[in-house]
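To start, the structure itself, in structure tokens.
Any value given below was found using the heavy atoms of this structure, including those in side chains, with hydrogens, waters and symmetry copies removed.
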Amino acid sequence: SAGEWIFHRGLALQAGWKKLEITLFGSLRNLSANLITDSMDRMGFSSISESGYHRSREELGDRKKLGQLASGMVAQYIHKRFRAGISYLQYRFSQPYFPREEPYNLYAFRGSHLRNAAIHYSYTIRNLFLFGEFARSKGGMALVNGAVISLHPAADLSVVYRDLSPGFQSLYSRTFS
């Protein structure tokens, strides 16, 4: 995506040896954010603009005010129809995040560092595809497992189980129901 909010530009290195594959990646960019001073006179941000618009004086004033460094790695074992691996991702912001003290922000990320670690797998056998991931953040965990079964060339059946703790924090992920 070429939008201002959901994209990363940076470097990635990938190497493989036999059935192992390792990917390292990093991205450094500036985001449009609303900078504030909290009640203890600390500088931080209260929101990040996701629209990409800079139409008003306020929006122009928020442009490129927050630095974000994203880095991480994925290590995988790949064998024919089976794949399993681990991943680690961290975000560092140039200013800490101070969300509004509202009920909907009870489990919101706070601070200038956000980390996620996960293990994942997938396996295909005939017309059955199994997949899953277990992820952990400072605030909680997330689990998703599923299967896609090809019943007919024109029909598939999908089953998904997910369990997200209220405090699980992931910056760019979106859930579906």
Side-chain angles (χ1 to χ4, degrees), residues 1-10 23-75 84-122 130-147 158-177:
S1 167
E4 180 176 326
W5 167 242
I6 302 179
F7 83 98
H8 288 90
R9 284 199 185 107
T23 305
L24 304 172
F25 54 89
S27 169
L28 179 63
R29 63 195 184 117
N30 291 316
L31 303 173
S32 296
N34 184 25
L35 298 182
I36 61 167
T37 304
D38 74 356
S39 60
M40 298 172 60
D41 267 351
R42 295 177 300 178
M43 213 35 194
F45 70 99
S46 63
S47 64
I48 296 174
S49 173
E50 297 180 25
S51 71
Y53 294 126
H54 303 100
R55 303 161 293 193
S56 67
R57 184 173 286 134
E58 291 81 16
E59 288 174 347
L60 283 169
D62 292 344
R63 188 170 189 200
K64 296 186 178 185
K65 293 291 185 184
L66 180 68
Q68 177 194 330
L69 171 65
S71 61
M73 59 78 65
V74 178
I86 60 172
S87 57
Y88 176 78
L89 173 63
Q90 73 171 353
Y91 292 99
R92 292 185 177 270
F93 295 100
S94 59
Q95 301 285 336
Y97 177 49
F98 301 135
R100 288 186 176 137
E101 295 297 328
E102 298 288 342
Y104 61 84
N105 281 330
L106 180 62
Y107 297 106
F109 155 72
R110 287 164 172 74
S112 57
H113 300 69
L114 179 61
R115 296 179 184 94
N116 295 101
I119 57 173
H120 65 271
Y121 74 92
S122 66
L130 302 169
F131 61 91
E133 181 179 24
F134 173 77
R136 184 99 176 122
S137 71
K138 182 180 176 183
M141 67 100 194
L143 173 70
V144 63
N145 283 292
S158 298
V159 178
V160 176
Y161 171 80
R162 68 178 184 163
D163 183 8
L164 302 170
S165 64
F168 179 72
Q169 301 160 341
S170 180
L171 192 57
Y172 291 101
S173 64
R174 301 291 185 257
T175 60
F176 63 94
S177 295

State the [atom1]-[atom2] distance between [X] and [Y], to the nearest 0.5 angstrom.
X      : Y      : atom1 : atom2 : result
Ser165 : Met141 : OG    : CE    : 5.5 Å
His113 : Lys138 : NE2   : NZ    : 10.5 Å
Lys65  : Met43  : NZ    : CE    : 8.5 Å
Arg29  : Lys64  : CZ    : NZ    : 11.0 Å
Gln68  : Leu114 : CD    : CG    : 9.5 Å
Asp163 : Phe168 : CG    : CZ    : 11.5 Å

With a 3.5 Å distance limit and no angle check, can you tell me whether [X] reaches the backbone of [Y] through a side-chain donor-acceptor pair?
X      : Y      : answer
Ser94  : Gly67  : yes
Glu133 : Ala142 : no
Asn105 : Arg100 : yes
Ser27  : Arg9   : yes
Asn116 : Gln90  : no
Ser137 : Gln169 : yes

Contacts of Ser47 meeting side chain to side chain donor-acceptor pair (under 3.5 Å) (sequence neighbours excluded), chain-then-number -> none

Closest heavy-atom pair, Leu130 versus Ala147, reported as atoms and distance to 0.1 Å, is CD2-CB, 3.7 Å

Closest non-hydrogen contact found for Ser87 with Val74 is CB-CG2, 4.0 Å

Does [X] reach the side chain of [Y], with side-chain heavy atoms less than 4.5 Å apart?
X     : Y      : value
Pro99 : Arg110 : yes
Leu66 : Asn30  : no
Ser46 : Phe98  : no
Met73 : Thr23  : no

For the aromatic rings, using the six-membered ring if either is Trp, is the centroid distance between [X] and [Y] under 6.0 Å?
X     : Y      : value
His8  : Phe25  : no
Tyr91 : Tyr172 : yes
Phe45 : Phe93  : yes

Requested in this report: May I have the step-by-step check of side-chain contact (heavy atoms from CB on, under 4.5 Å) for Arg42 and Thr37, ending in yes or no?
Outcome: CA-CA 5 Å; Arg42 295 177 300 178; Thr37 304; over 6 Å; no

